[in-house]
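We name chains A, B, ... by the order of the sequence lines, and we start the count at 1 in each one. The model shown is predicted, which means the values in this text are computed figures rather than measured ones.
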There are 2 protein chains.
Amino acid sequence: MAELKRIQTPAELDDIDRILLAQLQADARMTNSRLAQAAGIAESTCVVRVRSLVSRGIITRFTADVNPKALGLGLQALISVNIRPGARTQIPAFREEIRVMPRVVQVFFLGGAEDFIIHLLAEDSDDVRDFVVENLSANPAVASTRTSMVFEHHYNGPGVG
Amino acid sequence: MAELKRIQTPAELDDIDRILLAQLQADARMTNSRLAQAAGIAESTCVVRVRSLVSRGIITRFTADVNPKALGLGLQALISVNIRPGARTQIPAFREEIRVMPRVVQVFFLGGAEDFIIHLLAEDSDDVRDFVVENLSANPAVASTRTSMVFEHHYNGPGVG
DNA sequence: GATGAAAGCGCTCGCCG
DNA sequence: CGGCGAGCGCTTTCATC
């Protein structure tokens, strides 16, 4: 029986691809020449391979990690949300709404006790409460929320290993 | 009464800093010259300002976002962990341990019903179970865990706005 | 702190082994 | 895929304001 085609390719990465990914994860602004050197390939080859990683959707973007505290957002919260059983059809619309709300760093859509979890940045606790009241509790589709304060957050990113 | 000094500075960002942050968040591999152009400043100034953003800890790193599916990690889980009341002193050691475990994308340390939440990448559900059994349940400090499957995950990053 | 000019270096591209 | 070379664009430093 033939293998099913997946929408998102499982991806074929050789050792050099893995080196490139690891290097670029550690420093996305590394020059192409140093990258090539680290991978042990020619610069011309390196350009092609990096472009290939991007076009194959393996690298989704190059980004700068910004310290939230530097933006005056010293508080973080995790907010669990449950949707009313009768309002489950509204989940797709709701999730798009939430995703683009300011200070929403990330959103998890879950199977399990909670329907989703929102990771929020805030200046202070009033800020968190305002978010919950205005953006969540006010929505008739929302059955309940539960807010936990985040004392510490570590983001590693997907390890290439 | 004088303001208390904070370890992490609340940061002073002008409009140009905000443009640089937004641009670099969107594309960390953007050239300095185009960055300068976008911000309306001289290239030489731009280099200095970007370096300053990094040295002030406002930009913590430049990184490449890698698609987990491309690495063959098509499954994601969120694992809530509670520590035994008697083992709370071991939390600092435990959290370091967890943070560097393979496939742990991020860890939240919480105040509230759960002690922390682990965001895990996995190949399949066996993989998730193995992680929980070997790395969590086996640890005497762990009182209980609860695993939720992640159907969808959106990461925005801290918005500069 | 910002600027422009100039020197040096890095990047890209096509072509060929 | 790697190497080479030409051409161009980019980065960095420094004197200057």
Nucleotide of [options] approaching [X] most closely (side-chain heavy atoms):
| X | options | value |
| --- | --- | --- |
| B:Asn32 | D:dT12, C:dC13, C:dT3 | D:dT12 |
| A:Arg51 | D:dC10, C:dC13, C:dT3 | C:dC13 |
| B:Thr45 | C:dG4, D:dC4, C:dA2 | C:dA2 |

For the pair A:Thr63 (side chain) and B:Gln25 (backbone), establish whether a donor and an acceptor sit closer than 3.5 Å, ignoring hydrogens and angles.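 Indeed, once roles are kept as given, a pair shorter than 3.5 Å links the two residues.
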Where the side chain of A:Arg61 meets the backbone of B:Asp27, is there a donor-acceptor pair that is under 3.5 Å apart?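 No, because the side chain of A:Arg61 does not come within donor-acceptor range (under 3.5 Å) of the backbone of B:Asp27.
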Rounded to the nearest angstrom, tell me the gap between atom [atom1] in [X] and atom [atom2] in [N].
| X | N | atom1 | atom2 | value |
| --- | --- | --- | --- | --- |
| A:Glu43 | C:dC11 | CD | P | 6 Å |
| B:Ile41 | C:dT3 | CD1 | C1' | 11 Å |
| B:Met30 | D:dC10 | CE | C1' | 14 Å |
| B:Arg34 | D:dC10 | CZ | C1' | 10 Å |

Within 45° of the axis and under 6.0 Å from the centre of the six-membered ring of B:Phe109, does NZ or CZ of B:Arg95 qualify? yes
Contact class for [X] (heavy atom, under 4.0 Å): base, sugar-phosphate, or nothing?
| X | value |
| --- | --- |
| B:Ser33 | sugar-phosphate |
| A:Val47 | sugar-phosphate |
| A:Arg49 | sugar-phosphate |
| A:Thr31 | sugar-phosphate |
| A:Arg29 | nothing |

Return yes when atom CZ of B:Arg34 has more than 12 non-hydrogen atoms of other residues, nucleotides or ligands closer than 6.0 Å, and no otherwise.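 Counting neighbours around CZ of B:Arg34, 12 or fewer heavy atoms of other residues, nucleotides or ligands fall under 6.0 Å, so no.
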Residue closer to the 5' end of DNA chain D, B:Ser44 versus A:Asp14 (nearest nucleotide): A:Asp14
